[in-house]
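All values derive from a computational prediction rather than experimental measurement. When reading the values below, keep in mind they use all heavy atoms of this one structure, side chains included, and skip hydrogens, waters and symmetry mates. Below, chain A is the first sequence line, B the second, and so on; all start at residue 1.
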Amino acid sequence: MTSPRYQPAELEPRWQKVWREAHLYKTSTNSEQPKYYALSMFPYPSGNLHMGHVRNYTITDVIARVRRMQGYRVLHPMGWDAFGLPAENAAIDRGIHPARWTERNIANMRRQLQSLGLSYDWEREFASCHPEYYRWTQWLFLQMWQMGLAYQKFAQVNWDPVDQTVLANEQVDSEGRSWRSGAKVEQKLLKQWFLRITHYAEELLQDLDTLTGWPERVKTMQANWIGRSTGAYLEFPVVGRGEKIGVFTTRPDTVFGVSYLVLAPEHPLVGTLTALSQQAQVQEFCQRLAHLSVEERTANDQPKRGVPLGTEAVNPFTQQPVPIWIADYVLYEYGTGAVMGVPAHDERDFAFAQQYHLPITQVILPPGVVEITPLPKAYTEPGILVNSGEFDGLDSLTAKEKITQAAQERGWGEQRVQYRLRDWLISRQRYWGVPIPMIHCDHCGVVPVPEADLPVLLPENVTLTGRGLSPLAQLTEWVQVPCPQCGRPARRETDTMDTFIDSSWYFLRFADAQNSQAIFASEKVNDWLPVDQYVGGIEHAILHLLYSRFITKVLRDRGLINFGEPFQRLLTQGMVQGLTYKTVQTGKYLTSEQVIYENGECRDKETNEPVAIFYEKMSKSKYNGVDPEQVLAKYGADTARMFILFKAPPEKDLEWDDADVEGQFRFLQRVWRLVQNYHEHPPPRVVESTSNERNLRRFIHQTIQAVTADTTGEYQFNTAIASLMKLTNELTDYQGDNSGIFDEGIRVLLTLLAPFAPHITEELWHQLGHEDSIHRQPWPQVDHQALVVDEITLVIQIMGKTRGTIIAPSQADQATLEQLAKNSDVGQRYLQGQTIKKVIYVPGKLLNFVLAS
RNA sequence: GCGGACGUGGCGGAAUUGGUAGACGCGCUGGAUUUAGGUUCCAGUCCUUACGGGUCAGAGUUCGAGUCUCUGCGUCCGCACCA
């Protein structure tokens, strides 16, 4: 009798079809069961799955499958983050309508996902570009408008010259480049829509402490991004005029050391406060700055440049007049857009004062220093106040309080908390996004589209060129509408929303995905949410994860949900890296076919240039990608899943290695053979239990314990699979004299392996004669009786060094064990003629003899 | 500059949280099967002939340190003129 060979290409699609037709992964709504919501970040439908997706979805799938077997009702959905620029660019480049391009991509990626054997409930699928979804995105925007959280203002905004749109601060990297196009971002003054995320700054920061299931570094990044600082708001009256200049400072204790004030060049007071004599110079300075990119302007190593306005303000504490300047190092967007210059105690002010020969007045002495000597650089640490009138002799900490208090009492200022976080700019001058549901009327102003008129449909017939105005603005017929309030002719808003809004609430919609009457039923969302386990890339540490937390709090305050944090546990999976070839000198990326190995060195076939080989994140431009479809075709989904989970722990980067993929394929074949041999040559049945049998049973239950811990506590799928390999080896080597335990071993192995390799386990399960799906089996329970041992290996240490082990009865007491140890070979060798000063006994583990030296 | 994470065989990575360092896999070495290559199976694989020595380096706490503390070195990541 020949056993069938393991052929994933045949059995995987076969089982996928069976599961689909049986609705095996439909979400259970049995409220008797505890709920579990396992979610991967939904993908942008670019057209093809990459390995990063495969890793992300495999991790979440295992978690979902384990919970399902453990008796939870599991929500494990999938959808599409389907608005965005690539669709529009495809339309411009290839003349395909974004909607059709997107639908086609979704169809292909859905097929790819299904071939991975992922246990999604496809009945809850949706795409953010469908009106059934985005009408609720618009509805959400209207709620925020009513709450005063959505507003329009003129602002210096980040303009991406390549994608022809504005960007949020979060979408510009530290080099001043667009997160998407990589183009250097320019500054433009435009009227734009914002969401008032700053209203939640304090809560977004505070609640980070409650997110115990989040990686520390994500929380740190968010905390830094929010950037809370405490200090004082102080006002300096302008000499001879009514205006006052308000500044924010974290160092009110240095206020007696102010030798000038600086406004940001964009500050509205610049115009009125510039003296006639300085007008030409100031104008020229501002114009020069306007031409600089953010990066050029804010580079740290640049000399600080500025111009005096020719007017003065009075320091209320000293009654001394100080000159007012404008300078490039003061940011209009932060604080009040104006600062007090204290050169002695601020590095930037020090550099500026030196350059323009402004006075440097020391008002803080380092602890222990009593005399003022000229400073070589700014002293920025706390210290003792001098030259500060009534506050002399106080330490910085106390002085901060007292001076702020004094300012408050005398009407010069107040205590203030300042955040680095800015409001979220959501206007996009692009087509493929959610139309902002607002109407501009010359008589009524900005008027929201009535809820009954939602959705504001994105018009289909549009010509996309990528140039000029926002595409919607060119559709005169679409733009012209009667005002909902007065009925007179009015214009639609032509900007669309940042696609990050779509993804800031999609996790809520999955709880009630088909609702056509409301954004969702609150009781369903309150039942399923928060997400128990969220899995995605670290690149969203700030963007998506901060926005989602914000929107969740907004909906809570609107009374729609009863929780304030959307994601209980967050797992940020590492990158998938591919083997990369790059020429050493020219830095050119090569394919594996373009290189040749000579004398152990790698060289460019064409130029003979030396080539560096290393691992780097997979990407098309680096020729280091591995196509999931090809891997699936060659080894099948189970092998791909096993490899990805085994090669590295989920948070760490993963180096793709074909040899290791082979290794996983071999392992699955060993499992296959084990089961074939098992039911072809059934071992004889014996009733009595032997020590051999007890050992096997203990091994089986140790494996259950280990795999359960690795898949439900800290996720360590690599060690879970290692345990399954050990069990497989143990069962393969087992010289069976009783079949009952061996049966149990095979059954446990297959059920524990099922979440990782769903197809092969289902096939083998049925080969063993079972009718029901293995994925409906309960998770194996640890029998603690089986873990009990009658003999233990006790470690013998002498002075803390391991010198050997002894086998001892597990019930033996310390005195017995000590005697056994002394009589053992190790004892004879090391303890002869020595004085034992002390014995350390760790029950079940070790005996340590401390000798008199 | 500020903040965070990390440093273990040839490689990816384990180590019940202070108790036999190197599980599991890859690679490699030898052997068996095979006409051969591949597959499969068996044995070995931290260094050292041994005594011993080993978790980036150095110090400390402890009966005992990969694990805790301090110093230094190195790598990676985030933020960066935020007043």
Determine the interatomic distance between P on C26(B) and the same-named atom on G4(B); round to the nearest Å. 40 Å
Side-chain contact check for Arg217(A): nearest option of G13(B), G4(B), A14(B) is G4(B)
Base-pairing assignment for G25(B) (Watson-Crick or G-U wobble, both under 3.5 Å): C11(B)
Does a side-chain N or O from Arg670(A) land closer than 4.0 Å to OP1 or OP2 of C41(B), or not? no
Which part of the nucleic acid, if any, lies within reach of Val339(A) when heavy atoms closer than 4.0 Å are counted: base, sugar-phosphate only, or nothing? base
Touch class at under 4.0 angstrom, heavy-atom based, for Pro649(A) against every strand present: sugar-phosphate
Tell me what Ser229(A) touches on the nucleic acid: a base, only sugar-phosphate, or nothing, going by heavy atoms under 4.0 Å. sugar-phosphate
Can you say whether the rings of Trp325(A) and Tyr356(A) are parallel (under 30°), tilted (30 to 60°) or perpendicular (over 60°)? tilted
Grab the CZ-C1' distance between Phe667(A) and U39(B) for me, whole Å please. 18 Å
Using the closest heavy atom to pick a nucleotide of RNA chain B for each, name whichever of Thr336(A) or Gly663(A) lands nearer the 5' end. Gly663(A)
Which nucleotide, C24(B), G27(B), U20(B), lies nearest any side-chain atom of Arg666(A)? G27(B)
Does U75(B) have a Watson-Crick or wobble partner in any strand here, with both distances under 3.5 angstrom, and which is it? A5(B)
No-hydrogen, no-angle side-chain donor-acceptor test under 3.5 Å, Glu381(A) and Tyr379(A): no
Nucleotide forming a Watson-Crick or wobble pair with U34(B), both distances under 3.5 Å: none
Expressed in angstrom and rounded to an integer, what is the separation of Asp660(A) atom CG from C28(B) atom P? 12 Å
Which nucleotide wins on minimum distance to the side chain of Arg673(A), given the candidates G19(B), A83(B), U40(B)? U40(B)
Can you tell me the distance, in whole Å, between the OH atom of Tyr329(A) and the P atom of A83(B)? 13 Å
Which whole number of Å gives the distance between the P atom of A5(B) and that of G38(B)? 48 Å
Taking atom P in both C68(B) and U55(B), what distance in whole Å separates the two? 15 Å
Calculate the interatomic distance between Asp658(A) atom CG and G27(B) atom P; express it in whole Å. 11 Å
Is there a donor and acceptor pair closer than 3.5 Å between the side chain of Lys726(A) and the base of C24(B)? no
From C-beta outward on Tyr334(A), which listed nucleotide comes closest to its side chain: C42(B), A83(B), G12(B)? A83(B)
Does a side-chain N or O from Thr802(A) land closer than 4.0 Å to OP1 or OP2 of A21(B), or not? yes
Minimum-distance nucleotide (side-chain atoms of Thr805(A) versus G19(B), G27(B), U20(B)): U20(B)
Which whole-number value in Å describes the distance from Met725(A) CE to A14(B) C1'? 13 Å
On the side chain of Gln797(A), is there an atom forming a donor-acceptor pair with the base of G19(B) - under 3.5 Å, no angle test? yes
Give me the ring orientation class for Tyr715(A) and Phe717(A): parallel if the planes are under 30° apart, tilted from 30 to 60°, perpendicular past 60°. parallel
Which listed nucleotide (A83(B), A14(B), A23(B)) is nearest to the side chain of Ala722(A)? A23(B)
Quick one: label Gln716(A) by what it contacts on the DNA or RNA (base, sugar-phosphate, nothing), any heavy atom closer than 4.0 Å. sugar-phosphate
Would you classify Arg420(A) as touching base, sugar-phosphate or nothing, given that sugar-phosphate means primed atoms plus P, OP1 and OP2, and contacts are heavy atoms under 4.0 Å? base
Among the candidates G27(B), G19(B), C24(B), find the nucleotide nearest to the side-chain atoms of Phe646(A). C24(B)
Is there a side-chain polar atom (N or O) of Lys652(A) under 4.0 Å from OP1 or OP2 of G13(B)? yes
When the ring planes of Tyr6(A) and Trp672(A) are compared, do they come out parallel, tilted or perpendicular, using 30° and 60° as the limits? tilted
cation_pi(Lys304(A), Tyr329(A)) dist<6.0 Å, angle<=45: yes
Between Asn729(A) and G25(B), is there a contact of a side-chain N or O with OP1 or OP2 at under 4.0 Å? yes
